Amino acid sequence: MTRNKYKVYGEVFDDFTLQTLYRLADKGYFEVIEGVIATGKEANVYRVKKGDNYLAAKIYMTLTSEFKNMWQYIKGDPRFMKVGSSKHQLVFTWAKKEFKNLMLCEGLGVRVPHPVVQKKNVLIMEFIGENGVAAPIAKKLPPEDPKEWYNTLSAWVEKLYKNNFVHGDMSEFNVLNAGEPVVIDVGQGVKREHPMAEEMYKRDVANLKRWFSKLGVDVDR
Ligand SMILES: Nc1ncnc2c1ncn2[C@@H]1O[C@H](COP(=O)(O)OP(=O)(O)O)[C@@H](O)[C@H]1O
Ligand SMILES: [Mg+2]
C-alpha cells in the first residue's frame, strides 16, 4: 500500500489509526482498504483486500467511543485487571479482548470470523460473505430453518458457558446469516468470574428465546 493511497483515507482516520494501518499493511496483512461495511457508535467495519481475498477490519474509534460502557466489561475480567485507564489504552484493550474472545470462541467450535491480527485499535478478521458482498445480519435476512439455528445457537451459548465464557450480546443483530449462523461482536464477552457474567448469560438465553419464538420456534420444549 503506497502512502498516496493512505492519503485518501486520511480524511476518515485519525493520524494515530493511520499509523497503525500503515504498520499492518507494511507487514503484509492487507493491501487496500476498499470501503465501509458498517458504521457504529464504537467501531466501523471495513472491507480490506489482500491479493484476491477479502478481510474485514474492525476499527475502534479512539476519540468518540462510549468508554464508560466498555470499562464495565473489562474491569471485572481477571485477564485484564492491570489495564491502564487512559482513553486510548482502554480502546486498545477492548480490541485485544475482542480478538482473544474470537480465538476462544473459535477454539470451542463456535463459528465466528477467524481472527487474523489485532494491533492497537484495529482488528483484522475473516470476511464473512460471498464474492465481496458481506453477509447480512440475521435481523435483515432471517434463517431459512429457524429451529436448526435455534438449536445450534443455544448449544453454542451453553458450550461457551460450560467453558467459562459468556458472549453477552447474543441477538439477531450480532449473528450473520451466511447460510449458516456466524456469531460476531464478541468484544463485551467475559469470563464467568466477571460479576455480570451470570446476568449476561441469562440475557443471552432469553434473547435467543425471544428472537426464535418470533420466528415460530417452540423455544420451551
Ligand atoms: N467479519 C465480518 N465480515 C463481514 N461483515 C462483518 C464482519 N464483522 C462485522 N461485520 C459487519 O459490521 C457490523 C458491525 O459489526 P459488529 O462487530 O457487530 O460491531 P458493533 O459493535 O458496531 O455492533 C455487523 O453488523 C456486520 O454487518
Ligand atoms: Mg454488533
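For ligands, and for the atoms within them, numbers begin at 1 and follow the listed sequence. No experiment lies behind these values; they were computed from the predicted model shown.
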Closest protein heavy atom (residue, atom, distance) for [atom]:
| atom | value |
| --- | --- |
| atom 8 (N) of ligand 1 | M125 CE, 3.6 Å |
| atom 17 (O) of ligand 1 | K58 NZ, 2.7 Å |
| atom 11 (C) of ligand 1 | I37 CG2, 4.0 Å |
| atom 1 (N) of ligand 1 | E126 O, 2.9 Å |
| atom 24 (C) of ligand 1 | I184 CD1, 3.5 Å |
| atom 10 (N) of ligand 1 | V45 CG1, 3.9 Å |

- Task: Flag I128 as yes when one of its N or O atoms lies below 3.5 Å from any N or O atom of ligand 1, and as no otherwise.
- Result: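 Yes, at least one N or O pair falls under 3.5 Å.
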Mark up the atoms of ligand 1 that fall under 4.0 Å of a heavy atom belonging to [X], in ascending order.
| X | result |
| --- | --- |
| A56 | 1 (N), 2 (C), 3 (N) |
| P113 | 1 (N) |
| A38 | 12 (O), 13 (C) |
| I137 | 25 (O) |
| N174 | 18 (O) |

- Closest to atom 22 (O) of ligand 1 (judged by heavy-atom distance), picking from A57, G40, A135: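 Looking at heavy atoms only, the winner is G40.
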- Message: Quick test of your reading of the structure: of L176, V112, V175, N44, whose heavy atom lies closest to atom 7 (C) of ligand 1?
- Response: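 Checking each option, the heavy atom nearest atom 7 (C) of ligand 1 is found in L176.
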- Can you label the angle between the Y46 ring and the F13 ring as parallel, tilted or perpendicular, going by 30° and 60°?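 The arrangement is perpendicular - the two ring planes meet at more than 60°.
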Check whether any side-chain heavy atom of [X] sits under 4.5 Å from a side-chain heavy atom of [Y], and report yes or no.
| X | Y | value |
| --- | --- | --- |
| N174 | I137 | no |
| L104 | K191 | yes |
| L160 | D204 | no |
| Y161 | E198 | yes |
| F212 | S154 | no |
| L123 | L102 | yes |

- Query: Among protein atoms, how many N/O/S atoms lie less than 2.8 Å from the Mg ion (ligand 2)?
  - Reply: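 Step by step: take the Mg ion (ligand 2), keep protein N, O, S below 2.8 Å, and you get 2.
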- Query: Within 45° of the axis and under 6.0 Å from the centre of the six-membered ring of W94, does NZ or CZ of K97 qualify?
  - Reply: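 Satisfied, under 6.0 Å and within 45°.
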- Would you mind checking if E172 and R210 are paired as a salt bridge, meaning a charged N to carboxylate O distance below 4.0 Å?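 Yes, charged N to carboxylate O under 4.0 Å.
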- Flag the pair K147 and D218 as a salt bridge only when some basic side-chain nitrogen lies within less than 4.0 angstrom of an acidic carboxylate oxygen.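 D218 and K147: not salt-bridged.
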- Can L176 be reached from L208 by stepping across I, L, V, M, F, W or Y side chains whose heavy atoms are under 4.5 Å apart?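 In one cluster with L208: L176, no.
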- Query: If you measure from CG on L55 to CD1 on I124, what distance do you get to the nearest 0.5 Å?
  - Reply: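 Here the interatomic distance stands at 6.5 Å.
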- Message: Once you restrict to heavy atoms under 4.0 Å, what part of D185 touches ligand 1? Side chain, backbone, both or neither.
- Response: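 The answer is both, backbone and side chain.
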- Message: Can you tell me if E42 contacts ligand 1 (heavy atom of the residue under 4.0 Å from the ligand)?
- Response: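 It does not, in that no heavy atom of E42 comes within the 4.0 Å cut-off of ligand 1.
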- Query: Is there a donor-acceptor contact under 3.5 Å linking the side chains of E34 and Y54?
  - Reply: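 Judged by distance alone, the side chains do not pair up.
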Which pairs would a plain distance check flag for residues 105-114, meaning a side-chain donor or acceptor within less than 3.5 Å of a matching protein atom at least two apart in sequence or in another chain?
unit_1	atom_1	unit_2	atom_2	d
E106	OE1	H114	ND1	3.0
E106	OE2	H114	ND1	2.8
R111	NE	E180	OE2	3.1
R111	NH1	E126	OE1	3.2
R111	NH2	E126	OE2	2.9

